[in-house]
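This report refers to the structure that appears directly beneath it.
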Amino acid sequence: MSLFSPLLFPVYCRENIIFVLDETALPFDENYVKVGKLSEALDVLGQMKTRSLGQVLLFFYSCALFNEAENAYGIAEEFLKIRPTFDFMFIAGMIEKQKERGVKPIDAAKFFIDHFDKTRRTRAKVLAGQLPQDAKIATVCNVNGELIYLYEELISAGKKCEFIVCETRPYLQGTRLTFWELTKNDIPARLCCDNQISWIMKNGGVNCVVTGADRASVKGDIINKIGTYAISRAAHEFGIPFYALTQYPRDIDIDTIKIELRPANEVFMYIDNDKIFHGDALYPCFDVVKGEYITKSVDLNNPGK
Amino acid sequence: MEEITNMIVVWGNVQAAGFDVLMHEDSGVIVCEQRPFMYGLSVAGQLKNKGLKVLYCSDNALGFLFYNKKIDKVYVFYEQKKDNKVICQSGTYYLCLLARQHNVDIIFSEGINIKDSKDLRGPDAGSIFSKSFVMAKNTDKYIIKPEREEILIEEFRS
């Protein structure tokens with residue numbers, strides 16, 4: 001089996017230019033935006049052209065290529081102005097430590113990508129071992145191709161699976177990214193509106209949930225894409241196990257993290273202007289999910305724990 | 001976010017009498033888009049025109065709003081009532097479950113009865129209005145169609 005998604009590696013660097021997969025153009029166009037300076041990196045981040053793993057890779061390469069800031073912490077400050085919920089300072093700390101050891105940021109980036117890919121494969125294998133024999137997996141947003149690894153591991157373990165993908169309004173990352181990459185690889189998947197998931201669970205259409213996590217605490221709490229909280233509560237209601245794919249959990253109070261509020265007009269993404277509501281709107285980008293609603297955090301660096 | 005307090009969620013296809021009820025509420029109103037039908041766009045506009053303070057959001061933001069204790073009450077405008085059940089549009093159970101889990105009262109009120117419209121195959125998760133976001137062919141196989149949801153009133157009585 002050889003399955004692939006461009007979302008597995010959404011950002012790469014060649015000859016001092018960063019290439020960023022424009023996730024807002026998917027599934028219709030597979031375009032890469034060229035980034036040659038820090039302001040352009042911040043623009044693609046602000047325009048939601050990349051997120052999740054892409055924003056980490058963009059940050060690594062920005063630290064390697066751009067010298068507008070004195071060090072990685074300075075670049076992190078700029079990234080945080082755009083995306084306050086993500087812990088760029090932690091990644092900056094990793095880069096600065098490597099620099100102290102004489103490792104160049106570009107080499108630190110290459111090491112990170114290689115290590116990340118190997119460990120997420122391991123994580124997928126560990127998780128596959130824990131999912132039901134006939135897994136009906138609800139998911140939200142997008143975990144950069146890791147569901148493809150999970151599918152491969154489930155099949156190799158002799159299990160069957162189907163993904164139930166929540167569309168993830170307003171940016172439709174569930175539809176445009178996850179559902180697209182799964183169906184493109186002929187992986188069984190069905191799509192639903194975000195608000196259908198509780199009814200589907202009530203009627204036995206889901207027997208486990210797998211989501212990503214943008215932030216995680218050592219206490220087991222996470223922050224993930226808007227909609228994750230409602231899914232976790234519905235899963236808890238029906239005794240359905242909820243697995244969060246986490247990385248680098250920190251000793252933090254998750255409720256103190258600032259949740260990014262995106263511009264109100266983004267609530268109306270993909271709706272023609274003549275049909276939208278011209279009034280106040282709210283788009284909180286992320287949800288907090290407390291550990292009591294998470295069956296298990298499958299962490300990148302210690303998936304078997 | 002601080003200024004958002006004591007809000008009422010309005011869900012369903014509100015009829016004229018429903019608007020009158022809401023006019024007597026002394027609170028701001030949250031209207032969700034209500035995928036895939038997008039009733040929220042119309043309801044939000046009508047409530048705003050009647051002078052209510054309206055905040056619009058996607059359906060999946062409801063969890064965030066309940067978690068942050070922004071919601072005091074929920075109005076569900078159902079399509080039909082049968083004995084101890086109400087028949088509602090797709091997504092109603094999602095809202096009711098969150099409301100119950102956060103100890104928020106739900107008021108079931110009669111909305112527009114679209115029982116004649118048996119065909120729910122029109123809008124679904126694959127598209128918004130006429131724009132499709134699914135590349136796969138034979139989408140009937142891939143998209144979970146919205147269903148009317150039967151809500152047992154007793155299950156959600158405070």
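Throughout, a chain's letter reflects where its sequence line sits, starting with A, and its residues are numbered from 1.
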May I ask you to test the Tyr67(B)-Asp287(A) pair for a side-chain heavy-atom distance under 4.5 Å?
no

Can you measure from CG (Leu172(A)) to OG (Ser58(B)) and round to the nearest 0.5 angstrom?
10.0 Å

Could you check if a side-chain atom of Leu282(A) sits within less than 4.5 angstrom of a side-chain atom of Met1(B), using non-hydrogen atoms only?
yes

If you take the centroid of each ring, where Trp contributes its six-membered ring, are Phe268(A) and Tyr56(B) closer together than 6.0 Å?
yes

For the atom pair SG (Cys57(B)) and CG (Asp280(A)), what is the distance rounded to the nearest 0.5 Å?
12.0 Å

Does a side-chain heavy-atom distance below 4.5 Å link Met38(B) with Ile271(A)?
yes

What is the minimum heavy-atom distance between Asn195(A) and Arg35(B), and which atoms define it?
ND2-O, 2.9 Å

Contact class of Lys225(A) relative to chain B, heavy atoms under 4.5 angstrom:
neither

Can Lys184(A) be said to sit on top of Tyr142(B)'s aromatic six-ring, NZ or CZ under 6.0 Å from centre and within 45° of the ring axis?
no

Can you say whether Leu98(B) sits under 4.5 Å from chain A via the side chain, the backbone, both, or neither, judging by heavy atoms?
side chain

When the 4.5 angstrom heavy-atom criterion is applied to Asn60(B) and chain A, the contacting part is both

Engaged part of Ile231(A) at the chain B interface, taking heavy atoms whose separation is under 4.5 Å:
neither

Say you draw a straight line from CG of Leu41(B) to NZ of Lys275(A); how long is it, rounded to the nearest 0.5 Å?
9.5 Å

Would you mind telling me which of His236(A), Met201(A), Gln196(A) has the largest number of heavy-atom pairs within less than 4.5 Å of chain B?
Gln196(A)

What part of Tyr283(A) lies closer than 4.5 angstrom to a heavy atom of chain B: side chain, backbone, both or neither?
neither

Write down the atom of Phe64(B), the atom of Pro284(A), and the distance for their closest heavy-atom approach.
CD2-CG, 3.5 Å

Look at the aromatic rings of Tyr93(B) and Trp199(A) and report parallel, tilted or perpendicular, splitting at 30° and 60°.
perpendicular

Taking side chain as everything from C-beta outward and backbone as N, CA, C, O, which of these in Lys141(B) sits under 4.5 Å from a heavy atom of chain A? Side chain, backbone, both or neither.
backbone

Within a strict 4.5 Å, meaning less than it, do heavy atoms of the Phe133(B) and Phe28(A) side chains meet?
yes

Can you tell which part of Ile4(B) gets under 4.5 Å to a heavy atom of chain A, answering side chain, backbone, both or neither?
side chain

Beyond-backbone contact of Leu97(B) with Glu237(A), side-chain heavy atoms, under 4.5 angstrom
yes

Could you tell me which portion of Leu62(B) (side chain, backbone, both or neither) has an atom closer than 4.5 angstrom to a non-hydrogen atom of chain A?
neither

Please classify the contact of Phe238(A) with chain B as side chain, backbone, both or neither, using a heavy-atom distance under 4.5 Å.
side chain

Okay, Asp255(A) and chain B: the region with an atom under 4.5 Å from a heavy atom over there is side chain

